[in-house]
There are 4 protein chains.
Amino acid sequence: MTTAQKKRREMHIAIRDAAIREFARNGLAGTSTQVIAQSAGISKAQLHYYISSKEELYQQVLGHIVRQWREIFFLSPTRDDPATAIATYIERKLRHALEYPDISRLFANEIARGAPEMAGHWEELKASVDEASEVIRGWIEAGMLAPVDPLLFQINMWAVTQHYAEYEAQARVLMDVPDGAPLDADRIIAEATELFLLRCGLQGRGPRP
Amino acid sequence: MTTAQKKRREMHIAIRDAAIREFARNGLAGTSTQVIAQSAGISKAQLHYYISSKEELYQQVLGHIVRQWREIFFLSPTRDDPATAIATYIERKLRHALEYPDISRLFANEIARGAPEMAGHWEELKASVDEASEVIRGWIEAGMLAPVDPLLFQINMWAVTQHYAEYEAQARVLMDVPDGAPLDADRIIAEATELFLLRCGLQGRGPRP
Amino acid sequence: MTTAQKKRREMHIAIRDAAIREFARNGLAGTSTQVIAQSAGISKAQLHYYISSKEELYQQVLGHIVRQWREIFFLSPTRDDPATAIATYIERKLRHALEYPDISRLFANEIARGAPEMAGHWEELKASVDEASEVIRGWIEAGMLAPVDPLLFQINMWAVTQHYAEYEAQARVLMDVPDGAPLDADRIIAEATELFLLRCGLQGRGPRP
Amino acid sequence: MTTAQKKRREMHIAIRDAAIREFARNGLAGTSTQVIAQSAGISKAQLHYYISSKEELYQQVLGHIVRQWREIFFLSPTRDDPATAIATYIERKLRHALEYPDISRLFANEIARGAPEMAGHWEELKASVDEASEVIRGWIEAGMLAPVDPLLFQINMWAVTQHYAEYEAQARVLMDVPDGAPLDADRIIAEATELFLLRCGLQGRGPRP
DNA sequence: GATGAATGAGGGTTCATTCAT
DNA sequence: TATGAATGAACCCTCATTCAT
């Protein structure tokens, strides 16, 4: 039954999305299956038919996020010059954070708790980061980049890009953006790009002669 | 009388500290009074003798944090030159974050939830930030600073300094710091300082001729 | 479906009956959901599956009583002569009170507390009483009844009829009726009827020449 | 220490009055010692210093009420003619009910619960009622009173007089008396007197030639 | 698959009472 | 006496999960 399977998959996606929404708001312990079910538009009993436990659902969602990030974000050792690679990374990461803030929030929440459920996921994340460090080191050695600590450089980029998702509410207040409206992505991206390009001796996109 | 009052105050502080610890871990909804009591070394009933409700305790803690930050962190419009002022701010903020990461985590968690309990606290936070923006603008106009968006500059500093508290667990993994040991504060501070001083056209502390 | 719905309805009735029993004994504040559940033969959690809160259950029960009374007790402006109408009213009310004393007790308890939950119910009760007052006034004007204050006449009938429910325990002692046995309804009804018929100039059922 | 004793007695009276107020509202189970203490203007710990338990306090209050009633209300076999005796009784009882409604309410509440704490008090109450029955029977035999069931006659008088205390809130609504104002005692007394005098063949106070 | 019902555990809070000071 | 503190039980209610249909 391809149709049945399809429906099943759709249901799982609906549940996952609802779980992200709700876990992002109140964490694992603070989110009830009732609320997740409601958010997914199904009954609590129905939810428990599709998942085996709340913890397991959380784990799944976490894995999904980590996998997704690994797929999307990387400092490609490709043909791009460093400036483009970095600017692209920042833009991609920031747009993702602004569009799917709940994903960042859920992840941040998990880390802030001491990352008790991340056990199985560190490896691939670290691999991804180490790989990028190598790329950066390569650039530095090739004289294409001012010397930076590749790890802290990445962590700080991560810090800034994640921030606008997690602290959206605060950014909204400080930037006088009303509740419904989106944050000014371009302005944020421009400033972040400038910040990190200047750090490694590359001209920013800012005003040039 | 003084002894009794002192004991009472000590109890309230112990409770507040326990609350910060636990709320930081699991948020308002995910933290039980049971756990807070345990963490404070008292019984649940005893805890409820000292607090009027979990929500109220949370509010108190939140107020405490905001007030504390307002007192400690500011870009002083004092006699300091911009470089010193900014470096000092970053160092102070980062050392605080690394020493009391739970405070940052609790705050981050509240903001990530949409800041439902922050209603009464935005004003003073925003005032503090606006004030600092004025200082920065002054420096720029005086030609002491390259032109930056004062607000985004501050938000990004905040992002980076907060990050090492909230993402401590991740930083620990990426930086290969074992569980008991502290993160390398000096290294982090140096990089962050360099990052933001370079952004506004001031030489970093980095290698100079 | 019909079977399930029927079972559901039966459960709700069982709960309502248990609630009446228990609220009648100890009032809203003095009755625990535990006790209500026990009285209904279910678990506490099960009870809370069917009701939304103790207060709401109480409200429902109160509404049920008021509605029931409005339906059953009224001084019909029908073809009955006053004596029959009044005698019928007293008999109906007294038999109801003696058969379902808990209903009277629960209501009495609510009123004695200052009727904090009656807000929404006074209107229909007052309407019912005012309507009856009109009927009585009509009889008086038609010369069929000695002049009485229609309102106090009704209140006093209410007082006497309710009394044997609320004060059943006392009546039992004074009338030497052992615990299991019912009060002598006929004797009570006869005396009450006589009392109120004599008041308004109608011969009672008592000894006539 | 006469002064100390006096203060102690005053405290006990204050506590008793507070207990009557509060027990009248919510019954034994529904009233907390906290609330009683507050109503008496003392702390909970202080209250428990003066009483030995909530149950015992309730018992004391109940005993106080029964004793008080026994002292105040009785159909005196004195020199009064029946009409005066009955009218006096009704007036005294009604004025007491209207002035101290909480006493009536507390008593009613106890009886409605099945009078579990009255065990020790029935005897004197019944004795009092039986005594009055004798008086009434005497009057009937002397031809001074139409034949009535002495017991039901008394119970009904009790019903009507108590009613305006217990159902004060309802009477207030039906009689359009605003919350602060007292009920119209004279009107109520007149009607009740008329009712019971007519019952036993005595002219009411109503219009006479 | 989906739904209503059930349940044992736990959540926040209050309780009557006692104790130390 | 009076007060703040402490406690174990209870209170109302929600939880994650299971089961029958």
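Values reported hereafter were calculated over all heavy atoms of this structure, with side chains retained and with hydrogens, waters and symmetry mates removed. In the text below, chain A, chain B and the rest are named by the order of the sequence lines, each starting its count at 1.
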* In the strands shown, is E:dA2 matched to any nucleotide by a Watson-Crick or G-U wobble pair with both distances under 3.5 Å, and which? -> F:dT21

* B:Lys7 NZ to F:dT3 C1', straight-line distance once rounded to whole Å -> 13 Å

* Stepwise, does the salt bridge (charged side-chain N to carboxylate O under 4.0 Å, His left out) test hold for B:Glu124 with B:Arg67? -> CA-CA 8 Å; B:Glu124 54 176 326; B:Arg67 234 171 299 118; 5.3 Å; no

* Quick one: is E:dG11 close enough that its OP1 or OP2 comes under 4.0 Å of any side-chain N or O from B:Thr33? -> no

* Structure fact -> Whole-Å distance, C:Lys54 NZ to E:dT14 P, equals 14 Å

* To do: Please state whether the phosphate of F:dA5, meaning OP1 or OP2, lies under 4.0 angstrom from any side-chain nitrogen or oxygen of B:Arg8.
  => yes

* Structure fact -> C:Ile51 atom CD1 is separated from F:dC12 atom P, nearest whole Å, by 9 Å

* Asked: Does OP1 or OP2 of E:dA2 have a side-chain N or O of A:Ser43 closer than 4.0 Å?
  -> no

* To do: Output yes when a side-chain donor or acceptor of B:Glu22 lies under 3.5 Å from a complementary backbone atom of B:Val35, and no otherwise.
  => no

* Structure fact -> Picking from E:dA5, F:dC12, F:dA2, the nucleotide nearest the side-chain atoms of A:Ala45 would be E:dA5

* Asked: Within the pair D:Gln46 and F:dT3, is there a side-chain N or O less than 4.0 Å away from OP1 or OP2?
  -> yes

* To do: To the nearest Å, give me how far apart CD1 (B:Ile42) and C1' (F:dG8) are.
  => 15 Å

* Asked: Can any side-chain N or O of D:Glu166 pair as donor or acceptor with the backbone N or O of C:Ile111 at less than 3.5 Å?
  -> no

* Between E:dG12, F:dA6, F:dT17, spot the one nearest the side chain of A:His48, thanks. => F:dT17

* Roughly how many Å is it from OH in D:Tyr49 to P in E:dC19, rounded to a whole number? -> 15 Å

* Under the 3.5 Å rule, do the base of E:dG11 and the side chain of B:Lys44 count as making a donor-acceptor pair? -> no

* To do: Let me know the distance between CD of B:Gln5 and P of E:dT21, rounded to the nearest Å.
  => 18 Å

* Using a 4.0 Å heavy-atom cut-off across all strands, classify A:Ser52 as base, sugar-phosphate, or nothing. => nothing

* Interatomic distance, C:Tyr50 OH vs E:dT3 P [rounded to whole Å] -> 17 Å

* Out of F:dA6, E:dT3, E:dG11, which has the shortest distance to the side chain of B:Gln34? -> E:dG11

* Asked: Can any side-chain N or O of A:Lys44 pair as donor or acceptor with the backbone N or O of A:Ala37 at less than 3.5 Å?
  -> no

* Carboxylate-amine/guanidinium proximity below 4.0 Å for B:Lys7 and B:Glu10 -> no

* To do: Report the base-pairing partner of E:dT14 (Watson-Crick or G-U wobble, both distances below 3.5 angstrom), or none.
  => F:dA9

* Asked: Rounding to a whole Å, what distance do you find between D:Ile15:CD1 and F:dT1:P?
  -> 11 Å

